Number of protein chains: 4
Amino acid sequence: MTSTRPLRADASRNRQSLLAAAADEFAERGLNASVADIARRAGVGKGTVFRHFPTKDDLLAAIVLDRIDALNAVGERLLDAADPGAALSEFLTVAAEQRQQRDLSFLQEAGELNAEVTRVRAQLFQTVHRLVDRAREHGAVRADITGADVILLMCAPNYVTSYVPDASPDLWQRYLAIIFDGLRPEGAHPLPHPPPMSLDATHTPD
Amino acid sequence: MTSTRPLRADASRNRQSLLAAAADEFAERGLNASVADIARRAGVGKGTVFRHFPTKDDLLAAIVLDRIDALNAVGERLLDAADPGAALSEFLTVAAEQRQQRDLSFLQEAGELNAEVTRVRAQLFQTVHRLVDRAREHGAVRADITGADVILLMCAPNYVTSYVPDASPDLWQRYLAIIFDGLRPEGAHPLPHPPPMSLDATHTPD
Amino acid sequence: MTSTRPLRADASRNRQSLLAAAADEFAERGLNASVADIARRAGVGKGTVFRHFPTKDDLLAAIVLDRIDALNAVGERLLDAADPGAALSEFLTVAAEQRQQRDLSFLQEAGELNAEVTRVRAQLFQTVHRLVDRAREHGAVRADITGADVILLMCAPNYVTSYVPDASPDLWQRYLAIIFDGLRPEGAHPLPHPPPMSLDATHTPD
Amino acid sequence: MTSTRPLRADASRNRQSLLAAAADEFAERGLNASVADIARRAGVGKGTVFRHFPTKDDLLAAIVLDRIDALNAVGERLLDAADPGAALSEFLTVAAEQRQQRDLSFLQEAGELNAEVTRVRAQLFQTVHRLVDRAREHGAVRADITGADVILLMCAPNYVTSYVPDASPDLWQRYLAIIFDGLRPEGAHPLPHPPPMSLDATHTPD
DNA sequence: GATGAATGAGTATTCATTCAT
DNA sequence: GATGAATGAATACTCATTCAT
């Protein structure tokens, strides 16, 4: 949060290349993707990676940050939608599409990440909570469902399809639909366990 | 399948310690858990690990094998149950309980593992297919659900709760219930995507 | 053959230290010399070895390459000498001096080494063949001697003296002289076995 | 030299299997041949190897011992031969045949070996010295040749042919003949270096 | 005596990170 | 600012040797 003066043009270009390259490399190789490969893919020297991101983990955090921010923007926009049920459904669809593009599921391993991520994630959580509250009030989802539930279930469709070797890239739609059916009021059975109190945003559902 | 003569008493004890220690260590540290740490945890020398499991991957395979076998046994028993819907539900419950005990989700990263694993996994798949077929015929699950769907969704409850820092150990029950509601015929909406053809069992949903 | 831009000054210095240290270490400990020891002896970190030579074998190959190249250069120069007999003798002397400086006889154990080595070795073989042909035509060596014979016998003087614990460093001269006498036409007895067809240069007489 | 009571029948059989297996394995794999492989090849347990030979080096020593003893026996018998020149030639032939059967040239690496070996080797050296002295007195070898010279040159033919990939098993005969021609009085040129004083038999020309 | 299970020092190699150019 | 050379901790795996069975 040090008062970042704007980067020189080339530096900013490098930063972008790096984020893209890193996201690709991580998506392909998981957390073990090597900094050297990322640098090569970005067309810069290894040293440059560390000038921009003091640590491999910081690089990871930056990627996650971008992603969460983008998703949060979508969520906030949908808060004003006319049909709250459709809005929630749309939000989950966008979230899954985003995850599908680049599988960052391995992030689960990556422990706490940095504080900035936690902050942005907390924002996203707020947004989801509001989306869910509106949907619930509208009767679009069952009464016993919370924002936390949706946050947790949000990644399941992609997770689930990641096991299918040569899956259609849209297979997640099937499982999102099934899960969403489970969230609806119609035919709902009482739930055997209360929802988690709050997700402290230090962990990583995205 | 080499006609393994029964292990010496101490050797067999070591093998058990190793499997337990390795499962714990893998669960805590993921695939990068080091053989040295596993050995230390099991209270044996590093060399002993390799005597029992020529390769880190073989160790992993042994753990997975045990797990799948156990689960398959449960599934086969449930094939004879009176209520096919309850049987399927029971099966998913046992699967989740097993996964809850030790999280092996990192296995997703692991490549093919060995052939034995693939074989046993294929058996398990068969069992699940039969459980699902029976449940469907009984009207306990919707008509458009296949065995493959259930295999894929089976792990979702644990995956989802793994994001909650200090979750109640039974939280998965909540998400299994939601997902199972999504599988029921009541209130089902048509699914936007066909199910995957077949899971080739070289990959790792367990 | 990748268009290697010239190494940075320090890197090139390190490369030289490494080659020297490795040659010494190999000479003292044989093929089992450890990369760690080589690094220590060169005064660099272990990682630096692998930056310069991706593999222990590549390091070995580099050493061998240098040696063969140097010897070949001498041989080619001697092809123009006035007295072909003296030229051959001189060549064998230089070869033995080179080997005496650093004993690489352990190389016999080493497998194929890399293709570059094979290529350069084939060149050296050509050179020797020509030296021997000229000497034979001049009557300086017996008629039934081939280039292959000389290539094989070339290393014998050093091999032989390597058994003498505190030998004079010039002792090889004695055995080179004896062997060379065996190659002369005077007093030659017919040979009981034909010469080898061709040495395929994937093996390692140097 | 502890007053070895005669071995039990099976033990003695094991000892022989071991020596044979070890010689083969060493010949095929060099000094790095593993004790486990030797044991397997001999059809005994690994522990048995160490009961008979407290150390891998001791096993090696035992093999060498057998070999030297056998060769020495031949040498001593030839001391009484009618033609001292032929006797020396015959001796060198037998030595080369023996070495050809099983290549133990890697032994050079094997440092000092044990005292027993040194003792037996000293005997062999004596024998060779006497064979050479007789041959010299008879004019069968040049006057400036010593027993030490012959001991050293003795192994050269096998060494030299070990570089030829698919050599005829008798190729050594060619090089023994060349070297022997170099030892003859006819056409001998004066030698540029005095012979080594004495070979202290702690090193290993066989 | 024989066996093979256990041990741990040793090895090549990788990779995040630092720093001289 | 950018580069890539240097570093060394970490890792899977091997093998001579010891020792309980």
Side-chain angles (χ1 to χ4, degrees), chain A residues 7-11 14 32-40 43-59, chain B residues 5 7-15 18 32-40 42-59, chain C residues 5 7-15 18 32-40 42-59, chain D residues 7-11 14 32-40 43-59:
Chain A
L7 288 174
R8 254 169 46 182
D10 57 344
N14 275 342
N32 295 336
S34 89
V35 174
D37 285 347
I38 291 172
R40 188 162 27 256
V44 304
K46 222 183 333 174
T48 305
V49 182
F50 286 95
R51 163 162 293 277
H52 286 279
F53 308 96
T55 272
K56 195 185 172 185
D57 278 356
D58 290 328
L59 174 52
Chain B
R5 89 177 77 180
L7 285 177
R8 240 168 58 182
D10 54 348
S12 142
R13 221 175 312 125
N14 276 339
R15 197 190 142 92
L18 271 171
N32 294 337
S34 91
V35 175
D37 285 346
I38 291 172
R40 192 164 19 261
V44 304
K46 222 182 337 173
T48 304
V49 181
F50 289 99
R51 158 165 285 274
H52 286 275
F53 307 97
T55 274
K56 195 184 170 184
D57 278 357
D58 290 329
L59 174 51
Chain C
R5 89 179 75 178
L7 284 177
R8 242 167 57 180
D10 54 347
S12 142
R13 220 175 314 124
N14 275 340
R15 196 191 143 92
L18 270 172
N32 294 338
S34 91
V35 174
D37 286 346
I38 291 172
R40 192 163 20 260
V44 303
K46 223 180 335 171
T48 305
V49 182
F50 288 98
R51 156 163 285 273
H52 286 275
F53 307 97
T55 272
K56 194 184 170 185
D57 277 357
D58 290 328
L59 174 52
Chain D
L7 289 173
R8 251 169 50 181
D10 57 344
N14 275 343
N32 295 336
S34 90
V35 175
D37 285 346
I38 292 172
R40 188 161 25 256
V44 304
K46 223 184 332 177
T48 306
V49 181
F50 287 96
R51 162 162 295 275
H52 285 279
F53 308 97
T55 273
K56 195 184 174 186
D57 278 355
D58 290 327
L59 174 52

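Residue numbers start from 1 in every chain, and the chains themselves are labelled A, B, ... in the order their sequence lines are given, proteins ahead of strands. Just so it is clear, the structure is predicted and the values come from calculations on it, not from any experiment.
The distance between atom CG of B/Asn32 and atom C1' of F/dT11, rounded to the nearest whole Å, is 10 Å. Computed from coordinates, the C/Asp57 CG to E/dT13 C1' distance equals 13 Å when rounded to whole Å. A straight line from CZ of B/Phe50 to P of F/dA16 spans 17 Å, rounded to a whole angstrom. Atom CZ of A/Phe53 is separated from atom P of E/dC15 by 21 Å (rounded to the nearest Å). Per the geometry, CG belonging to D/Asp58 stands 14 Å off P belonging to F/dA16, to the nearest Å. Summarising the geometry, the separation between CG on C/Leu59 and C1' on E/dT13 is reported as 14 Å, rounded to the nearest angstrom. One interatomic measurement links the two molecules: CZ of A/Arg40 to C1' of E/dT14, which rounds to 13 Å at whole-angstrom precision. Rounded to whole Å, the distance from NZ on D/Lys56 to P on F/dT14 is 15 Å.
Pairing partner, E/dA2: F/dT21, with both Watson-Crick or wobble hydrogen-bond distances short of 3.5 Å. With a cut-off of 3.5 Å on both pairing distances, the Watson-Crick or G-U wobble partner of E/dG8 is F/dC15.
B/Ala36 approaches B/Lys46 most closely through the heavy-atom pair CA-CG, 4.1 Å. Looking at every heavy atom in both residues, C/Val35 comes nearest to C/Lys56 through CG2-CG, 3.9 Å.
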- Task: For the pair B/Arg40 and B/Asp37, evaluate salt bridge (charged side-chain N to carboxylate O under 4.0 Å, His left out) and give the outcome as yes or no after the intermediate values.
- Result: CA-CA 5 Å; B/Arg40 192 164 19 261; B/Asp37 285 346; 2.8 Å; yes
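Judged by closest nucleotide on DNA chain E, C/Ala36 is the one of A/Ala33 and C/Ala36 placed further toward the 5' end. Ranked by how close their nearest DNA chain F nucleotide is to the 5' end, D/Pro54 and B/Val35 are led by B/Val35.
Using a 4.0 Å heavy-atom criterion, one finds that C/Ala39 contacts no nucleic acid atom at all. Note on B/Ala42: nothing from the nucleic acid sits closer than 4.0 angstrom, heavy atoms only.
Nucleotides F/dT21 and E/dG1 have their C1' atoms positioned 13 Å apart, rounded to a whole Å.
From C/His52, atom NE2 reaches atom CG of C/Asp58 across 13.5 Å, with rounding to the nearest 0.5 Å. Taking CZ of B/Arg15 as the reference point, atom OG1 of B/Thr48 lies at 13.5 Å (rounded to 0.5 Å).
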Contacts under 3.5 Å, N or O only, protein and nucleotides 6-10 of chain E:
from: E/dA6; atom 1: OP1; to: B/Asn14; atom 2: ND2; distance (Å): 2.2
from: E/dA6; atom 1: OP2; to: B/His52; atom 2: NE2; distance (Å): 2.9
from: E/dA6; atom 1: N6; to: D/Lys46; atom 2: NZ; distance (Å): 3.4
from: E/dT7; atom 1: OP2; to: B/Gly45; atom 2: N; distance (Å): 2.5
from: E/dT7; atom 1: OP2; to: B/Thr48; atom 2: OG1; distance (Å): 2.6
from: E/dG8; atom 1: N7; to: B/Gly47; atom 2: N; distance (Å): 3.4
from: E/dG10; atom 1: O6; to: B/Lys46; atom 2: NZ; distance (Å): 2.8

